[in-house]
Protein chains: 2
Amino acid sequence: MPYGCRVTHPSPDPSRLRPAGLATRTAIEDAARTLFAERGFDGASVRGIAGEAGVDPALVIRHFGSKEALFLRTVDTSLGIGSVLDGPLEDVGRRLVAYFLDPARPVIRQRYVALAQAAHHDQVREEMNRHTAETYVAPLAPRLAGADAELRVALAVAQLAGLLDLLFLQRDPILTAADPAAVIATYGDAIQRLLTPPGPEDA
Amino acid sequence: MPYGCRVTHPSPDPSRLRPAGLATRTAIEDAARTLFAERGFDGASVRGIAGEAGVDPALVIRHFGSKEALFLRTVDTSLGIGSVLDGPLEDVGRRLVAYFLDPARPVIRQRYVALAQAAHHDQVREEMNRHTAETYVAPLAPRLAGADAELRVALAVAQLAGLLDLLFLQRDPILTAADPAAVIATYGDAIQRLLTPPGPEDA
DNA sequence: GTCTATACGCGGATAGAC
DNA sequence: GTCTATCCGCGTATAGAC
C-alpha cells in the first residue's frame, strides 16, 4: 500500500454491484439524494455516494461533472412553498412559518440544512437567489399595496431565513425549546406586517 | 517526489522565518486573525496560516489543538454590539440594523461570514449560542414589557441574522441593490415591533 | 460509451526524532 | 518546543481496458 491518499475504497463492494448498463446514472442520483439529505452537502462525500450506488467514485464526476453539479441536479431547491403562497394574503406570514415548523415535514429541515451548507458554491447560491425571485418575489410583490413591494418581500424572505437558520443550523436553545404555536403567531405576524402593514384605521 | 499528498509546503520560506522563541504563538494568532477575516473559516487553511506566520503547519495544531480551537481563540465572536443595545429601547431595532449595514464597518461583514462558515463545528455553534444569550437576551429581555420576553428577543436575533445571511452570504440581488436607508427603516421597525409592540393607544 | 485503476493536489491532524 | 515525515480523507482528472 504505497500511497496514503486513497485507501478507503478498495473496490465497490461486489455485494452491491450494479447490474451494469444504463441505470448507473439513476443509481448515483438516488444515492446522492439519500446521502445529501442524511448528512448535508459537506457530510456527503463523492466517494460515499459512489459506494452507496455501487459504482466507482470517478464515475460520479464523469457523469455529472462535479459534486456541486450533482447536488444541483438531485436536490430540489424549491422547498415546496408554492401552494402556501396561493392562499389569502392576510395570514400568509403565519402560514409560511407553520409550513416550515410542521414536524410532519422533516424533509424540509434536511433540505434546508443541505442547501445552506452548499451555499458557498457560486452556482448553488445563484440557484437559491433565482428561487427566491421566482417563488416569493414574483408571485407576491404584485399583490402588495404600498411602496417598495419587492424589497418588502425580500425582507420577509430574509426574516423567514433567519428563523430557519437559528432553528435548524444554529439550534438556538431558546427557539428550540419554545412553543411552536407562539413562534408561529409572533413571528408569523411580524412577517405579515412587512407584507401588509396595518393601516391606521385598523382596529 | 514519491508521494502526491504533500507537495505544497517544502519548507516555511526562510525569508519570513520567525526569530524563534516565545513569540510563535502570537505570530500564529495574528496570522489566523488576518486570514480568517480575509478568506473566511473554510478559505483559510492551517497551512496558509502557518505560512503567513512563518512557522511549520504542524506547530499550529500542536499549539492550539485544532483549527476550530484556533478560530475560537482568535476570532471575536462578539461583534461589538454591546454599546448599540445600551441606548433607548424605542429605536434599538433601527440602530441594530444600521450598525451592521454601516459601510464604515467592513470588519463586521468579514467576521459574520467567517463565523457563519465555522458554524458547522459544534464548539463554534455553542459559542455563538452563548453569545446570543449573553449579549442580546440577558440585557434586553428584562427591559421588555409583555409576555415571552426571552422568546421575542431570540426571534429578533433570528430576524437580524436573516438579514445578514441574505446580504453577506447569499448576496441576494434585491437586498444588495436596495437603499440602505429604506432597509434600516423598514426592517429596523419590524425588529422593533417584536421587542416593543405598539399598544392600541399608539397614534 | 461506459467503467476501472491510478493518480494529483489539497485539507486537517499525528508520531516521534531533534 | 520545534520540525520532518507521514497519515487518511477529500474533490477531481485522466489513461486506457472493455
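Keep in mind that this is a model prediction, so the values were computed, not measured. Chain naming here is simple, since letters A, B, ... match the order of the sequence lines and numbering starts at 1 in each.
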Trainee: Kindly write out the residues that satisfy ring pair (Phe, Tyr, Trp, His ring centres under 6.0 Å) with B:His120, not counting sequence neighbours, or none if the list is empty.
Mentor: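 Once residues adjacent in sequence are excluded, B:His120 has no partner under the ring pair (Phe, Tyr, Trp, His ring centres under 6.0 Å) criterion.
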Trainee: Whole angstrom is fine here: how far is it from CZ in A:Phe64 over to P in D:dT12?
Mentor: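 Spelled out: CZ on A:Phe64 to P on D:dT12 is 13 Å.
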Trainee: Would you tabulate the side-chain donor-acceptor contacts of residues 89-98 of chain A under 3.5 Å, counting partners in other chains and residues two or more places apart, or write 'none'?
Mentor:
| unit_1 | atom_1 | unit_2 | atom_2 | d |
| --- | --- | --- | --- | --- |
| A:Asp91 | OD1 | A:Arg95 | NH1 | 2.6 |
| A:Arg94 | NE | A:Asp189 | OD1 | 2.8 |
| A:Arg94 | NH2 | A:Asp189 | OD2 | 2.9 |
| A:Arg95 | NE | A:Val84 | O | 3.3 |
| A:Arg95 | NH1 | A:Pro88 | O | 2.9 |
| A:Arg95 | NH2 | A:Val84 | O | 2.8 |
| A:Arg95 | NH2 | A:Pro88 | O | 3.3 |

Trainee: Would you list the atom pairs, donor with acceptor, under 3.5 Å between side chains in residues 28-37 of chain B and any protein atom, with sequence neighbours excluded?
Mentor:
| unit_1 | atom_1 | unit_2 | atom_2 | d |
| --- | --- | --- | --- | --- |
| B:Arg33 | NH1 | B:Thr74 | O | 3.3 |
| B:Thr34 | OG1 | B:Asp30 | O | 3.0 |

Trainee: Sequence neighbours left out, what pairs pass salt bridge (charged side-chain N to carboxylate O under 4.0 Å, His left out) with at least one residue falling in residues 171-186 of chain A?
Mentor: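 For residues 171-186 of chain A, and leaving out neighbouring residues, there are no salt bridge (charged side-chain N to carboxylate O under 4.0 Å, His left out) pairs at all.
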Trainee: Between B:Phe71 (CZ) and C:dG12 (P), how many Å, whole number?
Mentor: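 To the nearest whole Å, that distance equals 13 Å.
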Trainee: Atom NE2 of A:His63 and atom P of C:dG1: how far apart are they, to the nearest Å?
Mentor: 13 Å
Trainee: Any donor-acceptor pair under 3.5 Å linking the side chain of B:Asn129 with the backbone of A:Gln170?
Mentor: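 Checking the backbone N and O of A:Gln170 against the side chain of B:Asn129, a donor-acceptor pair under 3.5 Å is found.
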Trainee: Base contacts versus sugar-phosphate-only contacts with protein, heavy atoms under 4.0 Å: please encode nucleotides 13-18 of chain C as B, S and - from 5' to 3'.
Mentor: BB-B--
Trainee: Can you measure A:Leu59 atom CG to D:dA15 atom P for me and round it to whole angstrom units?
Mentor: 16 Å
Trainee: Under 3.5 Å, which donor-acceptor pairs do the side chains of residues 151-160 of chain A form with other protein atoms, sequence neighbours left out?
Mentor:
| unit_1 | atom_1 | unit_2 | atom_2 | d |
| --- | --- | --- | --- | --- |
| A:Arg152 | NE | A:Leu194 | O | 3.0 |
| A:Arg152 | NH1 | A:Ala145 | O | 3.0 |
| A:Arg152 | NH1 | A:Ala147 | O | 2.7 |
| A:Arg152 | NH2 | A:Ala145 | O | 3.0 |
| A:Arg152 | NH2 | A:Leu195 | O | 2.6 |
| A:Gln159 | OE1 | B:Gln159 | NE2 | 3.2 |
| A:Gln159 | NE2 | B:Gln159 | OE1 | 3.2 |

Trainee: Could you tell me how far apart A:Leu35 (CG) and D:dG11 (C1') are, to the nearest whole angstrom?
Mentor: 16 Å
